[in-house]
Amino acid sequence: MSKNEMSRYKIRQNLISIGDDFWIENEAGQKVFKVDGKVLRIRKTLVFEDINGNTLCQIKERLLTIKDTMVVEDANGKDLAVIKKALIAPLRDKWDVKVKNGPDLVVQGNILDHEYSIKQGWSKVAEISKKWFRLTDTYGVEIDPGQNDILILAVAVAIDMMAHDDDDKKDKKDKKDKDKKGK
């Protein structure tokens, strides 16, 4: 993809879970990145690979933190970015991405519905949306020219995992509360 052109990718949301492998496709429907969900690990880990199986980066859950935190590491295990959910986010979901050796990012919008943007200061660098696809379980990631596509895709996948993890925890708590009331 030319650095002057916008990059567009397609991700199937129901495939993002630990233990599952899935592909990220380009706008032509070609598989371009494999995401390998590593199962036998203490913490959640996803490994991004190119079409030839070379590791590009990995996303790891950071354990023992006050709020959800995931780290994006390069192929050598060095931190690229740390993603944290903002403590206070009135009206919309907000996530902070501290990028090592680069400008920080802010992710804001409706995360659960996959309608949000990634900004660098006041400038939008990527948009995540379901509106481009008829399939309800698919969302798109549109990345502005000159951005690190792998980092942006890793941020989108990590946020998707963390947001839906919160949903799963809430659903389990609601079920537990309902079971208690039924007794």
Side-chain angles (χ1 to χ4, degrees), residues 1-16 21-36 46-60 69-86 89 91-164:
M1 188 69 49
S2 163
K3 287 294 171 194
N4 297 326
E5 294 179 32
M6 189 165 299
S7 304
R8 291 186 179 99
Y9 300 95
K10 181 168 58 171
I11 300 174
R12 293 194 188 279
Q13 76 187 52
N14 62 345
L15 298 179
I16 299 177
D21 297 347
F22 63 94
W23 286 92
I24 295 175
E25 300 173 357
N26 63 16
E27 66 182 317
Q30 299 165 317
K31 295 176 178 177
V32 288
F33 303 113
K34 180 182 178 187
V35 182
D36 182 1
L46 292 175
V47 177
F48 275 66
E49 300 173 348
D50 66 15
I51 197 87
N52 299 315
N54 300 310
T55 298
L56 301 172
C57 76
Q58 56 189 1
I59 303 168
K60 287 185 176 178
T69 303
M70 294 199 105
V71 179
V72 179
E73 299 175 344
D74 68 13
N76 299 316
K78 292 187 171 50
D79 286 3
L80 289 175
V82 177
I83 306 159
K84 291 183 183 182
K85 185 167 184 163
L91 306 177
R92 299 168 5 147
D93 294 319
K94 183 178 176 197
W95 302 72
D96 295 318
V97 182
K98 302 291 180 202
V99 179
K100 190 166 187 144
N101 301 322
D104 293 339
L105 304 170
V106 173
V107 179
Q108 194 165 11
N110 188 334
I111 305 296
L112 292 177
D113 286 340
H114 297 92
E115 297 295 337
Y116 61 94
S117 61
I118 300 175
K119 293 183 177 183
Q120 199 174 70
W122 293 100
S123 302
K124 178 182 71 77
V125 297
E127 183 178 352
I128 288 69
S129 181
K130 288 178 99 174
K131 67 184 174 201
W132 303 315
F133 299 100
R134 288 198 170 119
L135 299 171
T136 57
D137 65 344
T138 301
Y139 62 95
V141 179
E142 187 175 73
I143 304 171
D144 286 356
Q147 298 301 314
N148 180 339
D149 287 16
I150 292 298
L151 178 61
I152 299 289
L153 290 167
V155 167
V157 168
I159 288 174
D160 193 6
M161 282 181 53
M162 287 189 285
H164 288 90

Novice: Measure the spacing between CG of L105 and NZ of K119 and express it to the nearest 0.5 Å.
Specialist: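 Reported to 0.5 Å precision, the distance equals 12.5 Å.
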Novice: If you apply the rule side-chain contact (heavy atoms from CB on, under 4.5 Å), what do you find for D96 with V106, and how did you get there?
Specialist: CA-CA 5 Å; D96 295 318; V106 173; 4.2 Å; yes
Novice: Could I get the full list of salt bridge (charged side-chain N to carboxylate O under 4.0 Å, His left out) partners for E142, not counting sequence neighbours?
Specialist: R8
Novice: Does atom NZ (K31) have a neighbourhood of more than 12 heavy atoms from anything else shown, all under 6.0 Å?
Specialist: no
Novice: If you round to the nearest 0.5 Å, how far is CG of D149 from CD1 of I143?
Specialist: 4.0 Å
Novice: The criterion is ring-ring contact (aromatic ring centres under 6.0 Å, His included); which residues satisfy it with F33, sequence neighbours excluded?
Specialist: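 F33: ring-ring contact (aromatic ring centres under 6.0 Å, His included) contacts with Y9.
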Novice: Keeping D50 on the side-chain end and N52 on the backbone end, is there a donor-acceptor pair under 3.5 Å?
Specialist: yes
Novice: Examine distances only and state if a side-chain atom of D104 and a backbone atom of V99 form a donor-acceptor pair shorter than 3.5 Å.
Specialist: yes
Novice: Look up atom CE in M162 and atom CD1 in I83, then write down how far apart they are to the nearest 0.5 Å.
Specialist: 5.0 Å
Novice: May I ask you to decide if K130's main-chain N or O and E115's side chain share a donor-acceptor pair within less than 3.5 Å?
Specialist: yes
Novice: Below 4.5 Å, heavy atoms only, C-beta onward: do F48 and I24 meet side chain to side chain?
Specialist: yes
Novice: Do D160 and H114 have side chains that get closer than 4.5 Å, going by heavy atoms?
Specialist: yes
Novice: Would you call I11 and L153 a side-chain contact if the rule is heavy atoms closer than 4.5 Å?
Specialist: yes
Novice: Using every non-hydrogen atom in the two residues, find where P145 and M6 come nearest and quote the distance to one decimal.
Specialist: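 In terms of heavy atoms, the two residues are closest at CG-N, 4.1 Å.
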Novice: For the residue pair K85 and D93, establish whether any side-chain heavy-atom pair is separated by less than 4.5 Å.
Specialist: yes
Novice: In Å, rounded to the nearest 0.5 Å, how long is the span from CG of L151 to NZ of K100?
Specialist: 13.5 Å
Novice: Which distance, rounded to the nearest 0.5 Å, do you find between the CD1 of I118 and the CD of Q147?
Specialist: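 Output value for this atom pair is 9.5 Å.
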Novice: Please determine whether side-chain contact (heavy atoms from CB on, under 4.5 Å) holds for the pair E73 and D79, giving the CA-CA distance in whole Å, both sets of side-chain angles, and the decisive distance to 0.1 Å.
Specialist: CA-CA 4 Å; E73 299 175 344; D79 286 3; 3.8 Å; yes
Novice: If you measure from NZ on K78 to CG on N101, what distance do you get to the nearest 0.5 Å?
Specialist: 11.0 Å
Novice: Can T55 and E49 be counted as having a side-chain donor-acceptor contact under 3.5 angstrom?
Specialist: no
